[in-house]
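All figures in this text were calculated on a predicted structure; none of them were measured in a lab. Just so it is clear: chains get the letters A, B, ... in the order the sequence lines come, proteins before strands, and each one is counted from 1.
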There are 2 protein chains.
Amino acid sequence: MTWINEAPRIPCRDGAVFIVQIKATVPISIASLKAACSQCNLQELCLPFGMTENEIDRLDELVGTRRKIKRQQHLYRAGDLFEAIYAIRAGSFKTDVLLEDGREQVTGFQMTGEILGLDGISTEFHTCNAIALEDSEVCVIPYGKLEELSRQVEGLQHQFHKVMSREIVRDHGVMMLLGSMRAEERLAAFLLNMSQRFTARGFSAAEFHLRMTREEIGSYLGLKLETVSRAFSRFQEDGLVAVQQKHIRILDIAGLRKLLQHQPSGG
Amino acid sequence: MTWINEAPRIPCRDGAVFIVQIKATVPISIASLKAACSQCNLQELCLPFGMTENEIDRLDELVGTRRKIKRQQHLYRAGDLFEAIYAIRAGSFKTDVLLEDGREQVTGFQMTGEILGLDGISTEFHTCNAIALEDSEVCVIPYGKLEELSRQVEGLQHQFHKVMSREIVRDHGVMMLLGSMRAEERLAAFLLNMSQRFTARGFSAAEFHLRMTREEIGSYLGLKLETVSRAFSRFQEDGLVAVQQKHIRILDIAGLRKLLQHQPSGG
DNA sequence: TTTTGTGGTTGACGTGGATCAACGAGGCCC
DNA sequence: GGGCCTCGTTGATCCACGTCAACCACAAAA
């Protein structure tokens, strides 16, 4: 229930340092958790979206704990018992599925305010891995509590259903991308999607820093990392974007959008 | 509320014949709807799964109407206002998304007991098309009623969440397939999946009739119809399946499964 | 019965992206 | 500073699948 109890679940090389962090954050966390959602500036992007003030106040009892996850560490793994869903408070994640032979498919990249762990409801075990792309923090929402509260708070129930449905719609978009777009279209779609999500978070639509590698982008888009790299170079040649490693500046957003229509065909 | 009121929503070339059908089925429907779910032999595969007898009795008030959809007709279209989800009572469907330039991506094939329309919760408009692959019938579950009842009936709430989560997990599987498998692996995965779903419905695991065309399979698997056809032929040569048009007989299920592991790589 | 249409199969050929390989750039530790 | 390691870029070559086209099977219509 406290940070201390959560600590053993967080694998961490430099354990000592991390304990210090815990000690430092415990009093702050306990204080702020009393008003977890109602005070959070991510409301608009997160579970509370669209709920009334009264309803959000009731939400505060939902978030029992926060959890810090260091870069490259797992929030949960495929096969883990499902107990909670997670709202990203800071940082970003990728989710992936692994085949027995080692092939990896990245199924999504998640940013602040987005919800992780919905895959676990189905079987009560997680079916994918969630890995932090940078040092991150999540709000832990115990699933039993969420179901209980959403039986009482209509707005929460409705919003939770919307979050799940949005995930389904997003997945359909990815299927479209993987099933019928060519490499450059996929990357254009990816960049436009990132841009739009950064915008929603108050960052620049045109200039941002990708937290994932070319290989992870490639896995998500069903391409090899070399192909991703070549597509970036092509966009740069064509004056669509300025690329410097992970730093992206979109120069011609309309041009990127145009790439998405009427290509001859794809896959 | 009755078949008659629903009738105008069903586009139908041979209207006259259909009206006769309606007249014939109205009394039967009204009688059976009084005990929609509790009497239904699809319980195990559908929304009531895992609920207690008492809970299922309460479910009966949920299904207001049934709707017949003829082959090739839409249950709903992208852009339609979202009002209800649908449980397939008989027949089968495909769902697809269309790009402006006409490209189609089939996002799924649905069989009896499966739920359609979850994509609409997110924005209150449907985001994909649902088209009957054969003459079919669905139970119409008004969404408002479902939310209301699932605030009262814990088992319903839980089961509904599981259905949504299962859809997310399924989509991840398709992403894996589209993103990192080669053509024959995709088709093998598809056949094994169909076989498993037919089995769950009491049909033969080894012999079944596909309701969709090669082109639809191809769209779902991110392949061209010729590639699907060639893969079928290859499987036949290798003694894995006997294919005669849409009729499939699996001869070596272990062989198909083996195709799914340890291929060198994909894409 | 022939006709027409839709869906499926098969072959020949082209190509987008995978593969293999070399090299460059930035971050981190010593 | 220098060595190491991960990540990214770029080039040369290959091949799985797309494309184009001919033909076949079956069903419904004439």
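Scanning atom types as modelled, one donor and one acceptor separated by under 3.5 angstrom connect the side chain of B:Arg230 and the base of C:dG11. For B:Glu226 against D:dC20, a side-chain N or O and a base N or O form a donor-acceptor pair under 3.5 Å.
Ionic pairing of B:Asp135 and B:Arg71 is not present here: no N-O contact between side-chain nitrogen and carboxylate oxygen is shorter than 4.0 angstrom. Salt bridge annotation for A:Glu114-A:Arg201: present, with a cationic side-chain nitrogen under 4.0 angstrom from a carboxylate oxygen.
Base contact: B:Ser229 has a heavy atom under 4.0 Å from a base atom.
As a whole-Å value, the separation of B:His247 NE2 from C:dG8 C1' is 16 Å. If you take NZ of B:Lys224 and C1' of C:dT9, they are 17 Å apart, rounded to a whole angstrom. One interatomic measurement links the two molecules: CG of A:Leu223 to P of C:dT19, which rounds to 12 Å at whole-angstrom precision. Rounded to whole angstrom, the span from the CD atom of B:Glu215 across to the P atom of C:dT9 amounts to 13 Å.
When distances run from any side-chain atom of B:Leu225 to the nucleotides C:dT9, D:dC7, C:dT10, the shortest one goes to C:dT9.
Looking at A:Arg67, its side chain does come within 3.5 Å of a backbone N or O of A:Leu75 through a donor-acceptor pair.
Paired with A:Tyr76 under the rule side chain to side chain donor-acceptor pair (under 3.5 Å), one option of A:Asn129, A:Asp119, A:Thr95 passes, and it is A:Asp119.
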